[in-house]
Amino acid sequence: DLRLRSLYAELGLSELCVDPRSPDLVELLQKTIRRLLADPEPMKALLRRKHEDLLARAKENRKHLVAFFARQGWGT
């Protein structure tokens, strides 16, 4: 799914995005899961940081949208 691939890329996690049509899907999933479970703390920390970044950007986007609406004379 392009949306998931884009989200993973935005988070810097492209290597974790596995194509479900891959002929070696089971092996890829097992390898990825083993790697994540072997040391989950770095991934937890990364996901926390990325979530905070995305949340901050979403809030900033909301401010821009409100300003745009105000410039158009539209109430919010």
Side-chain angles (χ1 to χ4, degrees):
D1 184 325
L2 181 58
R3 293 168 295 175
L4 285 176
R5 190 171 301 279
S6 297
L7 179 60
Y8 275 65
E10 189 171 345
L11 293 171
L13 302 171
S14 294
E15 76 277 1
L16 298 178
C17 192
V18 176
D19 187 345
R21 297 166 296 181
S22 176
D24 54 345
L25 178 62
V26 172
E27 292 82 12
L28 287 171
L29 288 173
Q30 287 174 339
K31 178 182 171 185
T32 302
I33 291 168
R34 274 196 292 273
R35 187 174 55 138
L36 291 172
L37 293 178
D39 188 13
E41 291 309 314
M43 183 57 65
K44 286 180 183 179
L46 175 68
L47 289 173
R48 264 188 229 102
R49 281 194 317 274
K50 295 296 185 171
H51 176 261
E52 290 168 3
D53 292 346
L54 287 174
L55 189 57
R57 288 173 45 202
K59 288 178 181 178
E60 188 66 25
N61 285 342
R62 185 171 289 153
K63 290 178 191 175
H64 292 299
L65 186 59
V66 168
F68 172 76
F69 284 166
R71 287 192 305 273
Q72 302 304 314
W74 302 336
T76 55

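For the numbers below, each heavy atom of this structure counts, side chains included, while hydrogens, waters and symmetry mates do not. We number each residue from 1, following the sequence as shown.
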Let me check something: any side-chain donor-acceptor pairs from residues 15-23 under 3.5 Å, sequence neighbours excluded? List them with distances.
residue	atom	partner	partner atom	Å
Asp19	OD1	Arg21	N	2.9
Asp19	OD1	Arg21	NE	3.1
Asp19	OD2	Arg21	NH2	3.3
Ser22	OG	Asp24	N	3.4
Ser22	OG	Asp24	OD1	2.5

request  = Could I get the full list of side chain to side chain contact (heavy atoms under 4.5 Å, CB included) partners for Ser14, not counting sequence neighbours?
outcome  = Ala9
ask   = Does atom CZ of Arg57 have more than 12 heavy-atom neighbours from other groups under 6.0 Å away?
value = no
ask   = Mind checking what makes side-chain hydrogen bond (donor to acceptor under 3.5 Å, both in side chains) contact with Arg5, not counting sequence neighbours?
value = none
task = Could you walk me through whether Leu46 and Met43 pass the side chain to side chain contact (heavy atoms under 4.5 Å, CB included) test, one step at a time?
result = CA-CA 5 Å; Leu46 175 68; Met43 183 57 65; 4.1 Å; yes
Rounded distance [0.5 Å steps], CG in Leu28 versus OG1 in Thr32 = 6.0 Å
request  = Kindly assign one of parallel, tilted or perpendicular to the pair Trp74 and Phe69, based on the angle between their ring planes and the thresholds 30° and 60°.
outcome  = tilted
request  = Determine, step by step, whether Glu41 and Lys44 satisfy the salt bridge (Lys or Arg N to Asp or Glu O under 4.0 Å) criterion, reporting the C-alpha distance in whole Å, the side-chain angles of both residues, the deciding distance to 0.1 Å, and the verdict.
outcome  = CA-CA 5 Å; Glu41 291 309 314; Lys44 286 180 183 179; 3.4 Å; yes
request  = To the nearest 0.5 angstrom, please state how far the CG atom of Asp53 sits from the CG atom of Leu11.
outcome  = 9.0 Å
ask   = Are Leu7 and Leu47 connected in the hydrophobic side-chain network, where two residues link if heavy atoms are under 4.5 Å apart?
value = yes
ask   = Say you draw a straight line from CD of Gln30 to CZ of Arg34; how long is it, rounded to the nearest 0.5 Å?
value = 5.5 Å
ask   = Applying the 4.5 Å side-chain criterion to the ILVMFWY set and letting contacts propagate, would Tyr8 and Leu25 be lumped into a single cluster?
value = no
message = Quick one, Leu13 and Lys50 - any side-chain contact, counting heavy atoms below 4.5 Å?
response = no
